[in-house]
Amino acid sequence: MRDGATGNASRHPLAVRQWDSLIAVNYAARPFGISRMLSATEARGKCPDIVLQHVATFREGEGGRWAYRDDSFRNIKTDKVSLDPYRAESRKILKTMKDALERWCTDESEPELYPLTRGLSAVLEKAGIDEVFIDLSPLIYCVLLRRYPELRPSPQDENKDALLPFPPTTALMWDPEDCLVELDKDASEEDDPDWDDIVMLVGAEIVRAVRNAVWEKLHYTCSAGLARNKMLAKLGSACNKPNLQTVVRNRAVQHFLGGYKFTQIRMLGGKLGDQITSIFGTEQVSDLLNVPLEQLRTKLDDSTASWLYGIIRGDDRTEVNPRTQIKSMLSAKSFRPSINSMGQAEKWLHIFAADIYGRLVEDGVLENRRRPRVITLHHRTVQSKSRQMHIPASNTIDENLLFDLAKNLLRQVVADGQAWPCSNLSLSVSSFEDGVGKNKVIEGFLLRGEQAKSLSYSIRPRDSESASSEQPPGKRKKVEDSGIKRFFLHSLVAKDPGFNVEDPAASDNEGLQAPPDQDPDFVNPEILEGQIEGAEYAQYTCPQCSKSIPEYEREEHDDWHFAKDLEIQDRQEARSMQQSRPANPATSRNSNTRGRGGREGKGKPEKGQMRLAFQ
DNA sequence: ACCAGGTGT
DNA sequence: GGACACCTGGT
């Protein structure tokens with residue numbers, strides 16, 4: 001589990017400026033007392049040398065292209081912030097991390113472990129533009145099996161509750177840079193290590209490798225926290241910034257948490273935290289620990305009470321969600337002097353539409369036929385209001401369409417009541433439909449690895465033809481060079497985890513499964529292969545895409561996944577990882593636990609196993 | 001389905 | 001605080 005704040009390692013004081021305030025401050029500037037929320041003037045007062053870089057902006061009349069401009073801070077009236085550069089860096093970092101993690105799940109040296117570990121991979125959750133949670137459990141499990149053969153399940157080892165062997169009693173060799181949180185009072189560093197400790201040690205090794213990769217490749221430092229759940233990892237990550245990792249061993253949790261204000265715990269930083277503070281007259285976790293559950297229940301509703309009771313004891317069950325494709329895109333502007341007319345508002349709608357459209361294109365969303373179904377306009381005067389509508393499925397999404405829809409929505413809001421003066425306006429698109437739109441036909445077919453290679457060559461020309469014919473002229477080129485290939489590879493694995501191939505006959509019927517309003521020819525039928533050949537051979541169910549393929553094609557199939565991973569954007573990767581979970585071959589029992597959980601019952605300590613002891 | 005509101009970076 | 005993004009709950 002990991003979480004880190006990344007920061008460029010510049011030694012010169014530097015901050016990112018948005019209008020007159022700072023939104024990010026590097027570590028070199030912090031000793032001067034510079035923090036977020038300071039004004040540019042205040043920052044200069046504290047550190048005359050500081051470099052203040054304004055964020056990129058869109059400018060009225062310059063279309064959808066952002067730029068860094070020397071005078072943007074003076075143009076708050078006409079410019080709109082663009083966070084695109086940060087989104088791009090964020091993607092690079094995630095990709096680097098993902099690649100670094102990947103190396104931990106493949107080990108050719110011990111083929112007998114393949115059935116147990118193949119397909120296991122870490123899950124990454126993007127928690128912010130510069131933060132990520134990583135569930136390392138699957139990787140740690142792999143490493144444990146390799147290093148501690150006594151943990152490998154033996155055939156007669158049916159009993160899930162069978163006791164684990166004792167771990168080796170040799171002292172653990174922590175890296176000098178691992179920051180260990182002091183143990184609870186009832187525990188001692190002299191005690192023999194337990195499996196939980198070893199799990200953390202392995203995790204620390206992996207995370208160090210990930211952080212090193214980020215440094216080597218991108219020159220960002222990052223801090224990390226390792227613990228048994230997200231809440232503890234998050235708290236830990238802040239303990240040793242900017243460039244160290246903090247390990248909260250299970251035997252240290254009580255001591256660690258006891259020193260915090262509960263308002264620093266995730267979900268308690270807002271109104272709920274305030275409410276609890278005033279009810280119980282304290283912000284300290286240690287004080288709240290003395291309050292019995294029954295008493296919490298008298299003051300809070302039941303679910304909140306028991307959640308709170310658990311969370312301050314280190315019990316956080318929230319999963320690391322595999323990042324899915326982006327769920328919404330928003331473009332917004334606050335108006336310092338409020339705006340007062342439809343005409344003024346429309347200018348901004350143009351910029352919003354261009355911004356969002358650019359991001360739709362950049363993210364390859366159009367190429368993938370992933371489109372938002374809903375558009376929403378938010379409007380704030382004294383109160384805030386929002387209106388949304390469906391994006392007509394028949395239209396090609398472009399800037400003008402977005403603008404027209406936005407304008408309609410704005411009219412509705414304006415007609416609705418007090419619309420002026422308006423202090424904030426935003427446009428967003430959401431409800432992304434990733435059913436590859438016109439290519440639903442692909443789902444339900446299986447493309448064999450070998451054929452995938454040859455066919456992807458043979459069909460590419462025609463494929464891109466039909467693809468670009470329905471693209472606006474401006475985007476043809478992009479589709480042709482890399483877009484379609486990406487799309488092609490992606491769409492085969494991205495969608496349906498079940499991946500049914502029950503009706504091979506359907507495969508050579510054009511568009512048999514295509515919804516009536518969709519064009520079945522977008523992907524030529526001949527590239528599809530609905531039949532599994534070699535069914536008489538041993539079958540292998542790919543944990544990544546759930547496809548069932550002959551054993552002898554496994555390697556090739558994996559190569560194919562590997563190539564795909566390199567090509568498609570990280571968010572798309574995350575999606576396929578998510579879908580691979582249920583297909584984990586190791587999941588034999590415990591349908592209510594996750595794939596990795598079901599199996600870890602055997603491989604991990606019975607007490608305090610990573611997050612899974614609870615259920 | 002629609003909208004409001006809360007939480008986080 | 002501004003500009004995001006995500007989630008939940010009420011109707």
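In the text below, chain A, chain B and the rest are named by the order of the sequence lines, each starting its count at 1.
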Tell me whether K46(A) forms a cation-pi arrangement with F32(A), defined as NZ or CZ under 6.0 Å from the six-membered ring centre and within 45 degrees of its axis. no
Could you tell me whether K385(A) atom NZ has more than 12 heavy atoms of other residues or ligands within 6.0 Å of it? yes
Residue pairs passing the side chain to side chain donor-acceptor pair (under 3.5 Å) test with at least one member in residues 28-41 of chain A, sequence neighbours excluded, are S39(A)-E42(A)
Give me each pair satisfying side chain to side chain donor-acceptor pair (under 3.5 Å) with a member in residues 346-356 of chain A, each pair once, sequence neighbours excluded. S331(A)-D355(A), D355(A)-R359(A)
Residues of residues 15-24 of chain A with a heavy atom under 4.0 Å from any atom of DNA chain C, listed by number, are Q18(A), W19(A), I23(A)
Reckon K327(A) has a side-chain N or O less than 4.0 Å from the OP1 or OP2 of dC7(C)? yes
Strictly below 4.0 Å: does S334(A) bring a side-chain N or O up to OP1 or OP2 of dA3(C)? yes
Strictly under 4.0 angstrom, non-hydrogen atoms only: write out the protein contact profile of nucleotides 2-9 of chain B, one letter per nucleotide from the 5' end, B, S or -. BSS-SSSS
Just checking, R17(A) and F73(A): is the charged tip under 6.0 Å from the six-membered ring centre and within 45° of the axis? yes
Interatomic distance, L427(A) CG vs dG2(C) P [rounded to whole Å]: 19 Å
Would you mind reading off the distance between D84(A) atom CG and dC4(C) atom P, rounded to a whole angstrom? 9 Å
Nearest heavy atom decides the nucleotide; on that basis, is S328(A) or N424(A) closer to the 5' end of DNA chain C? N424(A)
Answer yes or no: is there an ion pair linking D416(A) with R387(A), defined by an N-O contact shorter than 4.0 Å? yes
May I ask you to decide if D79(A)'s main-chain N or O and K333(A)'s side chain share a donor-acceptor pair within less than 3.5 Å? yes
Check the surroundings of atom CD in E177(A): do more than 12 heavy atoms from other residues, nucleotides or ligands lie under 6.0 Å from it? no
For S428(A), which contact category applies under a 4.0 Å heavy-atom criterion: base, sugar-phosphate, or nothing? nothing
Contact class for R373(A) (heavy atom, under 4.0 Å): base, sugar-phosphate, or nothing? nothing
Table of protein N/O atoms under 3.5 Å from nucleotides 9-11 of chain C N/O atoms:
none

Reading 5' to 3' and counting Watson-Crick or G-U wobble pairs with both distances under 3.5 Å, write the dot-bracket notation for DNA chain B, | for bases paired outside the strand. |||||||||
D70(A) atom CG, neighbour heavy-atom count above 12 within 6.0 Å: no
Please state whether the phosphate of dA5(C), meaning OP1 or OP2, lies under 4.0 angstrom from any side-chain nitrogen or oxygen of R87(A). yes
